[in-house]
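A short worksheet on the structure shown next.
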Amino acid sequence: MYQAPRGTIDILPDEQNYWRYVEQKAAGVCRLYGYQRIDTPAFEETGLFTRSVGQGTDIVEKEMYTFKDKGDNLITLRPEGTAPVCRAYLEHGMSNLPQPVKLFYFADIFRYERPQAGRLRQHHQFGCEAIGESDPSLDAEVIDMAWRFFASLGLRNLSLVLNSIGCRQCRPDYIRTLKDYYVKHAPELCPDCSTRLERNTLRLLDCKKPSCQKIADAAPRSADHLCPDCAAHFAGLQKYLQTLAIPYAINHRLVRGLDYYTRTVFEIQPEDAGGQSTIGGGGRYDDLIEELGGRPTPAIGFATGIERIILNLKKQSIAVPPLPIPRVYIACLGEAAREAGIRLGADLRKAGTGVIVAAGSRSLKAQLRQANSLAAQFAVILGEEEVRAGTAAVRNMATSEQQAVSLGELLSVILNEQGD
RNA sequence: GUGAGUGUAGCCCAGCCGGUCUAAGGCGCCAGGUUGUGGCCCUGGAGAGCGUGGGUUCAAAUCCCACCACUCACCCCA
């Protein structure tokens with residue numbers, strides 16, 4: 001027997017209402033903020049990701065699904081959503097549109113990771129990007145949008161953590177300062193951190209080991225080493241978040257795993273944080289468009305993990321509306337009745353009503369049993385008697401009331417009945 | 001990539017100091033209990049040879065090994 005590849009899941013019919021719910025809420029929020037949908041390919045030229053996400057990152061170093069296709073092109077299944085959107089922005093000359101350009105997407109994301117709950121090799125993200133504006137009010141708006149999205153889903157007890165990691169003017173100085181500090185503590189660092197010291201100094205702050213955390217807590221803070229522009233930007237963002245009454249906590253150890261981030265970085269997570277807790281995160285990437293060959297263009301965005309959102313919807317027992325199902329079940333006894341049933345089903349569907357026409361030749365009892373378990377509101381019973389009389393028995397499944405209706409009236413009777 | 005736990009029918013699971021296990025039960029599914037009628041109830045039926053592959057043994061779902069998958073933690077992030 002085959003099974004789904006490791007770290008992938010089938011999203012079965014029973015789960016689909018969660019997915020539709022999340023998508024619908026996301027689209028609703030995007031409409032509120034003027035974001036338009038974009039869909040990009042599931043794979044891109046590998047260089048797009050190594051260039052943007054960064055050579056030293058875990059994603060590029062060990063998590064990408066990369067292969068050569070039959071035309072000898074180096075291809076990578078997208079491990080994140082921002083770079084493809086930026087590529088599309090450039091490729092289609094969106095810098096000629098009114099700025100900022102506001103885009104959202106639903107995308108499947110591929111990373112070769114060790115799977116566990118809330119962490120898959122193929123997962124789905126909803127994300128937004130606002131490209132072409134550096135004003136901190138846009139940062140606040142993007143965070144507000146993410147915040148409103150989670151609120152509209154009904155998720156409670158979320159926390160927003162925030163930081164600014166500076167820009168290419170001030171960050172090198174900061175990293176030098178940070179490195180000097182860490183070099184002094186080198187003997188106390190865990191093995192991972194010892195290698196990070198050279199390879200990716202910023203990520204030292206992110207280490208979860210208690211011993212390293214103590215060092216990180218006392219480390220120089222990026223927010224204290226911002227250049228005047230970045231400091232003003234960060235102050236502006238906080239002011240606007242206060243204007244929007246969005247609660248936040250600054251965590252100077254928050255750095256993100258992708259190299260393209262500048263200035264603002266943020267994450268949103270449930271307060272009862274478990275292992276894979278972050279349900280959304282994002283930040284500014286003011287240099288990325290330029291890095292990809294465009295003119296200097298500031299931008300900010302965020303992404304959310306749909307599987308993790310659904311995990312939390314379930315954890316918080318949030319009721320999600322069911323998907324619509326057919327209201328009418330047509331039971332047929334005999335060949336003449338079947339033909340009548342098929343015709344009736346076609347008419348009802350033409351009128352926009354969902355119908356299940358019983359197939360096969362099971363007993364009436366079995367057909368009604370099925371109507372019941374499919375939660376139909378009405379069963380229409382067609383047998384030889386009815387066909388002969390030119391009628392059908394319409395049974396209200398909730399009340400068990402049953403009446404004979406002439407075939408001519410049947411359509412209007414069913415369409416007018418509320419069911420319950 | 002590291003460490004630990006788990007793996008029996010579609011689902012939940014009993015059994016696991018080896019031997020009537022030709023593997024139990026519940027849910028679900030199918031059928032019957034009315035000659036054309038559901039949801040409750042009753043009866044019956046189908047459905048696994050015990051994650052996969054080896055090994056130990058007269059004998060393994062039950063012991064050992066490997067692999068695979070899932071879960072949890074690390075790591076990483078959504």
Side-chain angles (χ1 to χ4, degrees), chain A residues 1-9 12 14 22 53 57-63 78-82 106-127 146 150 190-193 195-196 200 203 206-210 212 254-258 265 267-270 273-282 301-312 329 331-334 337 358 360-387 393-402:
Chain A
M1 282 266 280
Y2 291 108
Q3 53 189 160
R6 183 163 203 201
T8 67
I9 52 163
L12 300 172
D14 274 355
V22 172
V53 175
T57 61
D58 281 4
I59 290 178
V60 167
E61 237 170 41
K62 44 196 190 198
E63 295 181 355
R78 64 177 158 219
E80 64 102 30
T82 298
F106 295 100
D108 28 16
I109 301 293
F110 304 87
R111 292 180 199 165
Y112 189 85
E113 305 206 60
R114 183 86 179 253
Q116 62 190 65
R119 193 173 75 183
L120 298 164
R121 288 183 176 179
Q122 181 189 17
H123 76 277
H124 299 77
Q125 292 188 357
F126 156 60
F150 291 123
C190 70
D192 279 346
C193 282
T195 59
R196 279 198 271 251
N200 201 336
R203 294 209 61 77
D206 212 20
C207 188
K208 307 293 190 299
K209 293 207 171 54
C212 294
L254 175 64
V255 297
R256 311 215 71 228
L258 294 81
V265 291
E267 281 185 10
I268 293 171
Q269 44 200 230
Q276 310 304 319
S277 55
T278 300
I279 58 176
F302 76 92
T304 66
I306 298 179
E307 284 86 349
R308 287 188 188 176
I309 288 172
I310 292 174
L311 235 40
N312 281 279
Y329 183 98
C332 320
L333 292 160
S361 52
R362 1 166 79 180
S363 66
L364 214 220
K365 179 187 188 130
Q367 295 186 56
L368 283 177
R369 228 201 296 266
Q370 194 166 52
N372 185 61
S373 57
L374 293 176
Q377 290 164 12
F378 298 102
V380 174
I381 300 166
L382 290 164
E384 289 175 26
E385 292 169 22
E386 285 80 5
V387 171
V394 176
R395 183 178 182 81
N396 183 318
M397 294 298 283
T399 63
S400 295
E401 286 164 24
Q402 189 168 320

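Each chain gets a letter, A, B and so on, in the order its sequence line appears, and its residues count up from 1.
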Rounded distance (nearest 0.5 Å) linking atom CD1 of A:Ile309 with atom CD of A:Gln125: 10.0 Å

Protein-nucleotide distance (A:Ile381, atom CD1; B:rG38, atom P), rounded to Å: 10 Å

5' precedence on RNA chain B between A:Glu307 and A:Glu401 (nearest-nucleotide basis): A:Glu401

Nearest-nucleotide 5' precedence on RNA chain B, A:Arg111 against A:Arg395: A:Arg395

Sugar-phosphate, base or nothing in reach of A:Glu63, heavy atoms under 4.0 Å: sugar-phosphate

Side chain proximity check, A:Phe302 to A:Ile268, heavy atoms < 4.5 angstrom: no

Backbone N/O of A:Leu258 and side chain of A:Thr57: donor-acceptor pair under 3.5 Å: no

Nearest-nucleotide pick for A:Ala303, side chain only, options being B:rG38, B:rG36, B:rA78: B:rA78

Atom P, compared across B:rG47 and B:rG25: separation rounded to whole Å: 15 Å

Protein-nucleotide distance (A:Glu385, atom CD; B:rU35, atom P), rounded to Å: 14 Å

Check: A:Gln402 side chain, B:rU37 base, donor-acceptor under 3.5 Å: yes

Interatomic distance where CG belongs to A:Asn372 and P belongs to B:rG28 [whole Å]: 12 Å

Sugar-phosphate only, base, or nothing, as touched by A:Glu386 at under 4.0 Å among non-hydrogen atoms: base

Name the pairs: protein N/O against N/O of nucleotides 29-32 of chain B, kept only if under 3.5 Å.
residue: B:rC30; atom: OP1; partner: A:Arg362; partner atom: NH2; Å: 3.3

B:rG45 versus B:rU62 - spacing of their C1' atoms, nearest Å: 30 Å

Atom-pair distance (CD1 on A:Ile109; P on B:rA78), nearest Å: 9 Å

Heavy-atom pair with the smallest gap, counting every atom of A:Arg308 and A:Gly118: NE-O, 2.7 Å

Euclidean distance, atom CG of residue A:Leu364 to atom P of B:rG38 [Å, nearest integer]: 9 Å

Touch class at under 4.0 angstrom, heavy-atom based, for A:Leu120 against every strand present: base

P spacing across the pair B:rC16 / B:rC72, given as an integer number of angstrom: 28 Å

Whole-Å distance separating the OH atom of A:Tyr112 from the P atom of B:rC77: 18 Å

Grab the N/O contacts between the protein and nucleotides 68-70 of chain B below 3.5 Å, and write none if there aren't any.
residue: B:rC70; atom: OP1; partner: A:Gly7; partner atom: N; Å: 2.9
residue: B:rC70; atom: OP2; partner: A:Arg6; partner atom: NE; Å: 2.8

Under 5.5 Å and under 30°: A:His123 stacked on B:rA78: yes

